[in-house]
Structure formats: structure tokens, C-alpha cells
Amino acid sequence: MSGPNSTDASTVGLIPPRGVITVFADIWCSFAHIAVHRLHTTRARLGLTEQVSFDLRAFPLELLNDAPSPRPGTDSEVARMAVLEPDAGWQLWQAKDWLYPSTTLPALEAVLATKEQSLNASEQLDLGLRRAFWAESRCVSHRRVILDVAAATGVVDVDALTEALDDGRARRALADQAALAGSDRIDCSPHLFLPDGSDHANPGIDVGWAGDYGIGWPVIVSDDPRVYEDILLRAAAAWRHGGMAAWRHGGMAAWRHGR
């Protein structure tokens with residue numbers, strides 16, 4: 001599914017503050033891996049790093065499907081999706097079979113917990129965890145891997161994140177977002193919401209499937225990465241009208257209001 005939708009009752013409460021793009025996504029999702037990569041690279045190319053931030057929300061496929069993501073499914077997507085965006089980082093799973101992640105919930109929780117520090121720290125951790133899974137075959141279920149990825153960002157306070165994971169302060173947000181992801185208000189991973197009230201499900205990509213998931217493979221009908229320029233420019237236009245200092249520096253208070 002692709003394309004913007006106009007504001008209606010289904011997006012009430014999902015519209016982010018000016019200068020923020022809300023992104024519902026799972027780390028296991030190859031389409032989300034492409035979307036997040038394109039958001040980061042397009043933002044940098046347009047010179048909008050200071051104007052636009054990403055608010056990552058959980059779309060935990062394992063809870064919605066009531067089962068972990070099957071490895072044959074993700075393996076079947078690698079070659080097809082890598083053709084669309086090779087620089088996002090891809091490889092078939094190279095580590096031991098028993099190190100394949102059985103869940104992404106700890107990683108999703110860490111991304112949410114890091115918003116307590118800043119949206120920038122959270123989005124950098126999210127990006128790092130996606131690359132760790134898709135490009136480096138690392139077990140993002142494991143706490144040590146999550147903290148190592150956090151340290152490698154250079155912007156995440158690892159001690160603060162460790163404390164947040166110890167007391168589980170982001171777990172309620174994860175549960176709330178899982179419930180929202182399971183409603184008809186969120187279509188898929190990824191699903192983006194903009195300050196102007198528009199929303200974009202799997203932006204730019206129209207996809208079908210040949211055979212059952214884990215047996216067949218994705219069939220890309222069309223792909224237009226240029227839609228990300230429009231998405232970023234629209235979010236930046238909203239920022240120019242009102243600024244986003246509270247969201248860039250407001251920490252947990254801003255996160256809670258936007259949750």
C-alpha cells in the first residue's frame with residue numbers, strides 16, 4: 001500500500017508536532033528498513049537534519065501475528081528488497097542459526113526508552129539496530145547487542161538506557177503502541193504520519209506476493225523513492241511555521257504527550 005491519505009477521524013491523536021514524522025514500524029520488516037533508510041538519507045541530502053526528526057513507534061509483528069517472524073520469510077525478502085535500496089545494508093543470515101532473533105520486543109522497547117534522552121538518540125539507535133539485523137546478522141533480541149549498538153551510535157547514553165531497560169519504563173508505551181498497531185488506524189509497517197495530517201503507508205512501494213509468506217517472495221509492482229522528498233519537505237514546511245525546540249530538547253515530557 002502506498003500514497004498519502006487526507007486527515008480524517010482515523011488519524012486523530014496520531015498527528016505529530018511540527019517538524020516531526022511519526023513512523024510505525026518493526027525492525028523485522030524489510031519495507032520498514034527501506035523506509036527508515038530513505039528517511040535518513042533524504043533528510044541529509046535535503047539539508048533538513050536540524051528541521052525534521054523521526055518519532056519511531058512500535059509495530060510489533062510478532063504480537064499482531066501471535067508468532068515470531070519466520071526466518072524463511074525474511075530470507076525470501078533480502079534479495080528482492082536489496083535491489084530497491086542496496087545501500088540500506090543487506091545480507092542473508094550469516095551467524096549461527098541459534099543466534100537468529102526470536103523477538104524484536106527488547107529492541108523496540110530500547111528505541112522507545114531512548115526517547116527519554118532525545119528523538120535524535122532514539123532514531124539513531126533504531127537505525128543502528130536495523131542495520132545490525134539486516135546487514136550484520138546480529139541477534140537484536142539480546143540485551144548485550146542492543147547496548148553495543150547503542151554505544152556505537154555515539155549519541156545514546158548507554159548507562160541511562162540500561163537503567164530504563166532495568167525498570168521497564170518504556171514497556172507500557174510498547175504495549176499501547178502494539179494495541180494501536182493492531183487497530184484499523186495503522187495499516188502496516190511502515191506507516192508514516194505527518195504534521196499536516198496526511199499519512200503514508202509503505203511510501204512509494206506497491207507490492208504483491210508470489211506464493212505464501214516464507215515460501216514465495218515479494219513482487220514489486222512499482223517503486224518511487226522520490227515520494228520521500230515530498231514527505232520531508234512537507235514536514236519541514238510545518239517546522240518553519242512553528243519550530244520544534246520542545247520536541248528536540250523536551251525529553252520524556254514531549255514523548256509522553258506525543259505517545
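What you see below is based on every heavy atom in this structure, not just the backbone, and it leaves out hydrogens, waters and symmetry mates.
- Each of Leu147, Ile146, Val145 was evaluated against Val149; a single residue qualifies, Val145, per the side chain to side chain contact (heavy atoms under 4.5 Å, CB included) test.
- Under the 4.5 Å side-chain contact rule for hydrophobic residues, Val227 and Ile220 share a cluster.
- Side-chain contact between Val155 and Gln117 is absent, with no heavy atoms from C-beta onward closer than 4.5 Å.
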Inset, instruction - List the steps and the verdict of side-chain contact (heavy atoms from CB on, under 4.5 Å) for Leu84 and Ile205. - result: CA-CA 10 Å; Leu84 301 185; Ile205 298 179; 4.1 Å; yes

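- Donor-acceptor pairing under 3.5 Å is lacking for the side chains of Tyr100 and Ser137.
- Looking at every heavy atom in both residues, Pro101 comes nearest to Cys139 through CA-SG, 4.0 Å.
- Once rounded to the nearest 0.5 Å, the distance linking CG of Leu194 with CG of Leu232 reads 8.5 Å.
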Inset, instruction - Apply side-chain contact (heavy atoms from CB on, under 4.5 Å) to the pair Asp166 and Thr162, showing each step before the final yes or no. - result: CA-CA 6 Å; Asp166 284 344; Thr162 300; 3.9 Å; yes

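- If you run side chain to side chain contact (heavy atoms under 4.5 Å, CB included) between Val52 and each of Leu233, Leu39, Ile21, Thr42, only Ile21 comes through.
- Glu62 places a side-chain N or O within 3.5 Å of a backbone atom of Thr104 that can act as its donor or acceptor partner.
- Glu123 and Ser53 are not linked by any side-chain donor-acceptor pair at a separation below 3.5 angstrom, with hydrogens and angles left out of the test.
- For the residue pair Ser118/Asn120, the side-chain donor-acceptor check at 3.5 Å is not satisfied.
- For the residue pair Leu174 and Glu109, the shortest heavy atom distance occurs at CD2-CB, 4.1 Å.
- A distance of 9.5 Å separates OG of Ser30 from CZ of Phe133, quoted to the nearest 0.5 Å.
- Side-chain atoms of His200 and Ser198 form a donor-acceptor pair, as typed in the model, at a separation below 3.5 Å.
- Under the salt bridge (Lys or Arg N to Asp or Glu O under 4.0 Å) criterion, Asp159 pairs with no residue, sequence neighbours left out.
- Counting only heavy atoms from C-beta outward, the side chains of Pro68 and Thr103 never approach each other to under 4.5 Å.
- Listed by chain and number, the residues in a side-chain hydrogen bond (donor to acceptor under 3.5 Å, both in side chains) with Arg38 are Glu85, Asp223 (sequence neighbours excluded).
- Donor-acceptor pairing under 3.5 Å is recorded for the side chains of His191 and Asp199.
- Nearest heavy atoms, Ile27 versus Arg130: CA-NH1, 3.4 Å.
- Under the 4.5 Å side-chain criterion, counting only non-hydrogen atoms from C-beta, Pro17 is not in contact with Pro195.
- Here the shortest heavy-atom pairing between Leu61 and Cys29 reads CD1-CB, 4.2 Å.
- Proximity of the aromatic rings of Trp28 and His33 is defined here by a centroid distance below 6.0 angstrom, and this criterion is not met.
- Checked for salt-bridge contact, Asp230 and Arg226 miss the test: no charged N lies under 4.0 Å from a carboxylate O.
- Under the 3.5 Å distance criterion, the side-chain polar atoms of Asp212 are left unmatched by any main-chain donor or acceptor of Ile215.
- Looking at Ile186 and Phe59, their side chains come closer than 4.5 Å, going by heavy atoms from C-beta outward.
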Legend entry - Arg138 and Leu99: CA distance, side-chain angles, deciding distance, side-chain contact (heavy atoms from CB on, under 4.5 Å) verdict: CA-CA 8 Å; Arg138 299 170 70 185; Leu99 291 177; over 6 Å; no

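- To the nearest 0.5 angstrom, Cys188 atom SG is 9.0 Å from Phe31 atom CZ.
- In terms of modelled atom types and a separation under 3.5 Å, the side chain of Asp167 and the main chain of Arg169 share a donor-acceptor contact.
- Inter-residue side-chain proximity for Leu180 and Phe24 is flagged as met; some heavy-atom pair is nearer than 4.5 Å.
- Thr114 contributes no side-chain N or O that, together with a main-chain N or O of Ala121, makes up a donor-acceptor pair within less than 3.5 Å.
- Distance CG/Leu112 to CG/Asp126: 9.5 Å, rounded to 0.5 Å.
- Within the cation-pi definition used here (under 6.0 Å to the ring centroid, within 45° of the axis), Arg45 does not qualify as a partner of Tyr228.
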Inset, instruction - Report the C-alpha distance between Gln177 and Leu108 in whole Å, list the side-chain angles of each, state the deciding distance to 0.1 Å, and finish with yes or no for side-chain contact (heavy atoms from CB on, under 4.5 Å). - result: CA-CA 11 Å; Gln177 290 173 21; Leu108 293 171; over 6 Å; no

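- Residues Val158 and Asp148 are not in side-chain contact: their nearest non-hydrogen atoms beyond the backbone lie 4.5 Å or more apart.
- Under the 4.5 Å side-chain criterion, counting only non-hydrogen atoms from C-beta, Asn202 is not in contact with Ile34.
- Around the CH2 atom of Trp217, the shell of radius 6.0 Å holds no more than 12 heavy atoms that belong to other residues, nucleotides or ligands.
- Glu50 contributes no side-chain N or O that, together with a main-chain N or O of Leu48, makes up a donor-acceptor pair within less than 3.5 Å.
- The closest donor-acceptor contact from the side chain of Ser189 to the backbone of Ala32 lies at 3.5 Å or more, if one exists at all.
- Remark: Leu192 CG to Asp187 CG distance equals 12.0 Å, nearest 0.5 Å.
- What you find for Ile15 and Gly197 is that their closest heavy atoms are CD1-CA, 3.7 Å.
- Hydrophobic clustering keeps Met81 apart from Val83 (ILVMFWY residues linked when any side-chain heavy atoms are closer than 4.5 Å, directly or through intermediates).
- Side-chain contact check for Glu77 versus Trp134: some heavy-atom pair is nearer than 4.5 Å.
- Note that CH2 of Trp93 and OG1 of Thr74 are 9.0 Å apart. Values are rounded to the nearest 0.5 Å.
- When all heavy atoms of Val221 and Gly208 are compared, the closest pair comes out as CG2-N, 4.3 Å.
- Between Asp26 and Arg57 no salt bridge is recorded (no basic side-chain N to carboxylate O distance below 4.0 Å).
- For Asp75, the side-chain hydrogen bond (donor to acceptor under 3.5 Å, both in side chains) partners are Arg71, not counting sequence neighbours.
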